[in-house]
Amino acid sequence: MASSTAYSRPSKPPGPAAGDRRGPRLAKELGKIEPKKLGIGLVAGCCLALLTYLSFARLFAIYSPVFDSSALVLRNAPPATTTVPATEAPPVEQKTEVEEQKDVTDPEADPNMTNLPEVTRKDEQEDSAATKPASAATEAKITCDENGVDEGFPYARPPVCELTGDIRISPKEKTMYLVNPSGAGPFDANGEKKIRPFARKDDFLLPGVVEVTIKSVSSAEAAPQCTRRHDVPVVVFSVAGYTDNFFHDNTDVLIPLFLTTAHLKGEVQLLITNFKPWWVHKFTPLLKKLSNYDVINFDKDEGVHCFRAGHIGMYRDRDLIISPHPTRNPHNYSMVDYNRFLRRAFALPRDAPAVLGEETSAKPKMLIIERKGTRKLLNLREVSAMCEELGFAVTVAEAGGDVRGFAERVNAADVLLAVHGAGLTNQIFLPTGAVLVQIVPWGKMDWMATNFYGQPARDMRLRYVEYYVSEEETTLKDKYPRDHYVFTDPMRIHGQGWPAIAEIIMKQDVMVNMTRFKPFLLKALDELQE
């Protein structure tokens, strides 16, 4: 048992002085002990020594930095999109310490290292990006496209700004803060830029659009504290204006939103001003296809949302027309891309019309959109009957609020026929190669018919047939004498602006001459057979 008392042994052995030396007493005593008992004692002593060693080893293990689990705790921290009490520091800022302690052999710190698979290195890069504060990740930058003029197109486009850096959005203050130490950017003397984020620059509409201020601040301390961080870009836009008119739903919101966000493949947060719950509900399938996250109501949210990149406003081209352009269409999309997006969002099955010919007895399907307000087709029943006689399977329907349901009807058709109006916007759901027939009312409507529906149909790779009514086929003949400028010089109506167009041209009804109209229906049938 001597080994067990080694730590308490005195510096001078006990007993008589050195000159009074005695014989080896221990050897004599051990000789008196039975060998069996001696073995048991040795085993017990060894066990006690082992327990003592394990106790010290355990204490060493608990307090040793080698076994520190703090790195695992940080690695399992919440994702970048979090809600933070106002009194706490933002979680992203708490993680910057991990970046500084990174080992020099980390593949993320040295991208030339090849000791890890590429996929692993990418995942760690994304995880690192989520932990970096915006100010450290990206330098502050703002660029705005304010060139809204388009020769040959009367509607100017509003500004759209793209930002990167430490961006903090306070909907309650209607302000987007950009931590911008240099102060560079398109700001006024107060370091501000005001934007109404609606994709149609209409002097009549814009006053009703929520104005958002982009404010340049010199430091993070000058901006409000983040209550929620997002690791995806943001797009702030308005659904004001003529929304709930299906034409304007697409031209002023949905197509611009597609142009601005489609390349992000759902990794974008939408903040909507002039929020209309019914509009959001109506187009939820499309919004969910463009963003993987629930939309945020800019008008009611009281938090401070922080991002590293984003847009205020949206890119747009012409109405239902998307052309290559370095700023208005930076990702070079087309209307065919938009059609494909819609078909996927609504799970529409048909990408091509029916195949006609001698080998099939299937009738081509025609959908006639009925109007019950203005620009009614007064002899709709006669037109429908003639189409049946020519071999079409005809359905007559009025476009309503059920967007998905009507989209399915349009997608099932091979030919879509309607009088000029918002209902023709539903051509976006037709299968590629189908036929669009537009009945154009009286009143020199060439430009509007072509730019609003004719050229878009061609851009969507549809076959297009247009029929211009004569002065004998419009109800305007019952309202104005034949020597009135409505008939002699209808361009005078256009010269008076939109109010005159809306009051005169847009309020007429039409009754097509069946003999005159029949060749155009035959042309639609021929287009399907080509």
Side-chain angles (χ1 to χ4, degrees), residues 148 150-158 198-202 205 237 239 241-262 279 282-283 286 289-290 314-325 328-329 331-346 348 367 369 371 375 399 403 406-407 410-411 413 415-441 445-466 498 501 506:
D150 179 8
E151 296 299 331
F153 193 71
Y155 306 112
R157 297 167 184 83
F198 185 61
R200 177 180 288 271
K201 192 173 183 180
D202 185 313
L205 294 177
F237 66 98
V239 294
Y242 302 119
T243 48
D244 200 32
N245 173 295
F246 193 59
F247 176 80
H248 290 283
D249 289 334
N250 281 272
T251 61
D252 300 348
V253 181
L254 295 173
I255 295 177
L257 190 59
F258 172 79
L259 287 176
T260 309
T261 67
W279 190 94
K282 181 177 181 179
F283 293 105
L286 304 185
K289 194 70 175 176
L290 290 172
M314 297 180 291
Y315 297 115
R316 74 163 292 157
D317 201 344
R318 299 188 176 189
D319 295 331
L320 294 183
I321 293 176
I322 302 177
S323 305
H325 194 278
R328 292 196 294 267
N329 184 9
H331 301 282
N332 203 29
Y333 289 118
S334 68
M335 282 302 294
V336 173
D337 295 318
Y338 185 62
N339 295 147
R340 189 178 298 115
F341 157 73
L342 293 171
R343 286 199 288 264
R344 290 173 179 171
F346 288 123
L348 303 178
L367 175 62
I369 296 180
R371 295 182 59 93
R375 281 161 282 145
V403 179
F406 202 74
V410 176
N411 185 250
V415 179
L416 180 66
L417 185 153
V419 178
H420 177 91
L424 281 170
T425 309
N426 287 281
Q427 65 179 291
I428 59 180
F429 302 124
L430 283 170
T432 303
V435 179
L436 177 72
V437 180
Q438 177 179 196
I439 298 175
V440 185
M445 294 282 289
D446 313 45
W447 188 93
M448 296 176 74
T450 299
N451 283 274
F452 292 167
Y453 303 112
Q455 188 57 46
R458 297 185 182 100
D459 290 347
M460 287 182 262
R461 298 180 188 169
L462 303 175
R463 286 80 176 274
Y464 177 61
V465 177
E466 58 186 12
W498 176 251
I501 296 172
M506 294 300 173

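Given the structure is predicted, the values throughout are model-derived calculations rather than measurements. All heavy atoms count here, side chains included; hydrogens, waters and symmetry mates do not.
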Is any side-chain heavy atom of [X] closer than 4.5 Å to a side-chain heavy atom of [Y]?
X: F246; Y: I428; value: yes
X: V440; Y: Y453; value: no
X: S323; Y: N329; value: no
X: M445; Y: M506; value: yes
X: L424; Y: I369; value: no
X: D249; Y: K282; value: yes

About how many Å separate [atom2] of [Y] and [atom1] of [X], when rounded to the nearest 0.5 Å?
X: Q427; Y: T425; atom1: CD; atom2: OG1; answer: 7.0 Å
X: Q455; Y: M460; atom1: CD; atom2: CE; answer: 10.0 Å
X: N339; Y: L462; atom1: CG; atom2: CG; answer: 7.0 Å
X: T450; Y: M448; atom1: OG1; atom2: CE; answer: 11.0 Å
X: D459; Y: R318; atom1: CG; atom2: CZ; answer: 10.5 Å
X: L290; Y: T261; atom1: CG; atom2: OG1; answer: 4.0 Å

Could you pull out every donor-acceptor pair under 3.5 Å between side chains of residues 251-259 and any protein atom, sequence neighbours left out?
| residue | atom | partner | partner atom | Å |
| --- | --- | --- | --- | --- |
| T251 | OG1 | F247 | O | 3.1 |
| D252 | OD1 | R200 | NE | 3.0 |
| D252 | OD1 | R200 | NH2 | 3.2 |
| D252 | OD1 | R316 | NH1 | 3.1 |
| D252 | OD2 | R200 | NE | 3.1 |
| D252 | OD2 | H248 | ND1 | 3.0 |

Taking all non-hydrogen atoms of both residues into account, name the closest pair between [X] and [Y] and its distance.
X: L367; Y: A413; value: CB-CB, 3.9 Å
X: L205; Y: G241; value: CD2-CA, 3.8 Å
X: A449; Y: Q438; value: O-NE2, 3.4 Å
X: N245; Y: A422; value: OD1-CB, 3.7 Å

Ignoring hydrogens and geometry, is there a side-chain-to-backbone donor-acceptor pair from [X] to [Y] under 3.5 Å?
X: D319; Y: F452; answer: no
X: Y338; Y: I321; answer: no
X: R375; Y: H420; answer: yes

Inset, instruction - Not counting sequence neighbours, which residues clear ring pair (Phe, Tyr, Trp, His ring centres under 6.0 Å) with F346? List them please. - result: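 Ring pair (Phe, Tyr, Trp, His ring centres under 6.0 Å) list for F346, sorted by chain: F429.
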Inset, instruction - Can you sort out the partners of N411 under side chain to side chain contact (heavy atoms under 4.5 Å, CB included), two or more places apart, ordered by chain and number? - result: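 So N411 forms a side chain to side chain contact (heavy atoms under 4.5 Å, CB included) with R343, L348, P349, R350, P431.
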